[in-house]
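Since the structure comes first, as structure tokens, the remarks are kept for the end.
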Amino acid sequence: MKSPLLSLPGAVPAEGRDEGVAAHYGDLFREQRALADGNGFVDLSHRGVVTVTGDDRLSWLHLLLTQHVSDLAPNQATEALILSANGHIEHAMYLVDDGTTVWMHVEPDTQGDLIAYLESMKFFYRVEVADRTGDIAVVHLPAGSIAETPDGAAVRETPQGRDLFLPRAYLEAYAAAHGPAAGILAYEALRVEGHRPRVGFETDHRTIPHELGWIGGAVHLQKGCYRGQETVARVHNLGKPPRRLVFLHLDGSEVHLPGHGTPVRLAADGQEGRQLGFITTSARHHELGPIALALVKRNVAVDAELLAGDTAAAQETVVEP
């Protein structure tokens with residue numbers, strides 16, 4: 001879905017999974033600094049929006065999600081996953097209940113598959129699931145923002161800021177009143193800095209929550225059964241995940257950033273060495289320079305110097321080996 005804010009001055013369209021919103025509005029680092037200072041907003045109107053209503057909405061979702069939501073208080077933000085039967089991550093949902101409706105936003109163009117799964121699990125529960133992407137847009141306000149929340153908008157507030165669920169028809173008026181706008185590249189750079197994983201970037205078809213540090217955040221270990229729980233419990237209690245997320249400081253002398261999927265190897269072995277992982281997301285940060293997240297084998301030494309393609313990389317631990 002193409003955002004009307006692509007008509008703002010300087011807007012450069014994003015590509016790939018974030019197509020439909022602006023990559024930036026002409027000054028990537030200025031936009032990052034504004035967000036870091038609590039100013040402006042990010043247009044996330046390309047993300048899918050799903051609602052669940054009905055008296056049984058929280059108890060029903062509690063049976064399906066990795067998060068404990070049966071007693072979720074109104075306006076308390078949380079995040080949750082849906083796993084496959086083998087414990088692999090399929091969906092990540094960023095949700096809040098406003099007292100009558102559960103609002104959630106998900107990765108672009110994934111809401112159809114999510115809704116199909118939810119509909120298949122309704123049985124006799126008093127719930128209604130709806131795709132609201134066509135009429136509701138997500139806008140992100142950074143932590144520290146003093147911008148007012150429009151009346152009637154659902155709000156998901158976290159330490160990183162507020163996600164607003166706005167009527168899509170109000171998006172341009174909101175931008176005019178609460179700019180400056182920051183592009184998705186600025187938002188992603190701060191996400192990488194914060195070590196926050198994203199489905200489709202930090203995940204592949206076999207990723208389990210332990211590898212990305214989602215245990216305790218999106219996965220509650222003290223709740224009842226859900227699909228994939230056996231894998232979660234087994235790895236948590238008896239073993240270690242096969243891979244782990246790391247944060248990389250990349251060599252700033254390189255002009256290009258290693259893209260998603262770029263092989264990661266030991267620097268000592270050179271570019272012909274055995275692949276130990278891959279870049280998941282890379283970004284240019286206004287203070288840290290080029291940075292990245294990567295998924296590597298668990299037994300890679302935490303102090304090992306790495307190569308991302310042909311770019312030298314020093315790692316910081318996100319998930320303990």
Side-chain angles (χ1 to χ4, degrees), residues 12 14-18 21-40 42 44 92 107 140 142-144 158-161 182-204 207 211-214 217 243-268 271 275-298 300-321:
V12 175
E15 299 178 346
R17 292 180 183 271
D18 289 319
V21 295
H24 60 83
Y25 296 90
D27 191 336
L28 172 62
F29 292 153
R30 176 188 61 76
E31 294 165 28
Q32 283 187 37
R33 286 191 289 269
L35 293 179
D37 291 339
N39 298 317
V42 183
L44 299 179
E107 288 299 321
H140 175 76
T158 73
Q160 291 77 46
I184 194 70
L185 290 183
Y187 180 84
E188 283 289 279
L190 299 182
R191 178 180 71 81
V192 172
E193 178 193 17
H195 308 163
R196 297 190 299 275
R198 182 177 171 189
V199 168
F201 289 75
E202 279 62 57
T203 67
D204 58 19
T207 306
E211 297 176 324
L212 304 183
W214 252 327
R243 302 177 296 182
R244 60 186 180 89
L245 189 68
V246 297
F247 176 78
L248 300 179
H249 293 273
L250 302 173
D251 181 1
S253 65
E254 296 290 341
V255 175
H256 68 281
L257 287 173
H260 176 83
T262 299
V264 172
R265 299 179 171 89
L266 290 177
Q271 295 184 48
Q275 181 173 341
L276 301 174
F278 63 93
I279 294 292
T280 59
T281 308
S282 58
R284 298 192 186 277
H285 192 274
H286 69 289
E287 290 182 340
L288 301 177
I291 56 177
L293 294 173
L295 204 56
V296 301
K297 293 183 181 295
R298 178 173 56 86
V300 173
V302 296
D303 59 350
E305 294 292 322
L306 303 175
L307 275 180
D310 58 1
T311 301
Q315 61 170 311
E316 290 183 9
T317 301
V318 177
V319 174
E320 295 290 338

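- Not one N or O on the side chain of E31 forms a donor-acceptor pair closer than 3.5 Å with the backbone of V42.
- The backbone N or O of S253 lies less than 3.5 Å from a partner atom in the side chain of D251, making a donor-acceptor pair.
- Within the 4.5 Å cutoff, the side chain of L295 has heavy atoms near those of the L212 side chain.
- Counting heavy atoms from C-beta on, the side chains of T280 and F278 come closer than 4.5 Å.
- Of the inter-residue distances, the one linking F29 atom CZ with R284 atom CZ reads 7.0 Å to the nearest 0.5 angstrom.
- Taking 4.5 Å as the limit, some side-chain heavy atom of R243 sits within range of a side-chain heavy atom of D204.
- Closest approach of P263 to R265, counting heavy atoms only: CB-NH1, 3.5 Å.
- Residues T262 and G309 approach most closely at CG2-N, 3.3 Å, considering heavy atoms.
- Side-chain contact between L293 and F247 is present, with heavy atoms from C-beta onward closer than 4.5 Å.
- The minimum heavy-atom distance between V300 and A304, with the atom names listed, is CG1-CB, 4.4 Å.
- Rounded to the nearest 0.5 Å, atoms CG (L307) and CG (L266) are 8.5 Å apart.
- Considering all non-hydrogen atoms of both residues, P258 and S282 come closest at O-OG, 2.7 Å.
- In this structure, the separation between NZ on K297 and CZ on R244 is 12.5 Å, given to the nearest 0.5 Å.
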Acceptor/donor pairs from residues 183-194 side chains to any protein atom, 3.5 angstrom cut, sequence neighbours excluded:
| residue | atom | partner | partner atom | Å |
| --- | --- | --- | --- | --- |
| E188 | OE1 | R191 | NE | 3.3 |
| E188 | OE1 | R191 | NH2 | 2.8 |
| E188 | OE1 | R198 | NH1 | 3.4 |
| E188 | OE2 | R191 | NE | 2.8 |
| E188 | OE2 | R198 | NH1 | 3.3 |
| R191 | NH1 | R196 | O | 2.6 |
| R191 | NH1 | E202 | OE1 | 2.8 |
| R191 | NH2 | T281 | OG1 | 3.0 |
| E193 | OE1 | H285 | NE2 | 3.0 |

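- Side-chain atoms of Q32 come within 3.5 Å of backbone N or O of H286 as a donor-acceptor pair.
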Should I279 and L257 be marked as a side-chain contact (heavy atoms from CB on, under 4.5 Å) after you check the CA-CA gap, both sets of side-chain angles, and the distance that decides it? CA-CA 10 Å; I279 294 292; L257 287 173; over 6 Å; no

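- Separation of atoms CZ (R33) and CG (D27) is listed at 6.5 Å; rounding is to 0.5 Å.
- Contact record, I291 with H249: CG2-ND1, 4.4 Å, taken as the closest heavy-atom pair.
- Heavy atoms only, all atoms of each residue included: P159 and A143 are closest at O-CB, 3.4 Å.
- Atoms OG1 and CH2, from T203 and W214 in turn, are 7.0 Å apart once rounded to the nearest 0.5 Å.
- Side-chain contact between E211 and L245 is absent, with no heavy atoms from C-beta onward closer than 4.5 Å.
- Counting only residues at least two apart or in different chains, side chain to side chain donor-acceptor pair (under 3.5 Å) contacts with residues 301-313 comprise H256-D310.
- With sequence neighbours left out, T158 forms a side chain to side chain donor-acceptor pair (under 3.5 Å) with Q160.
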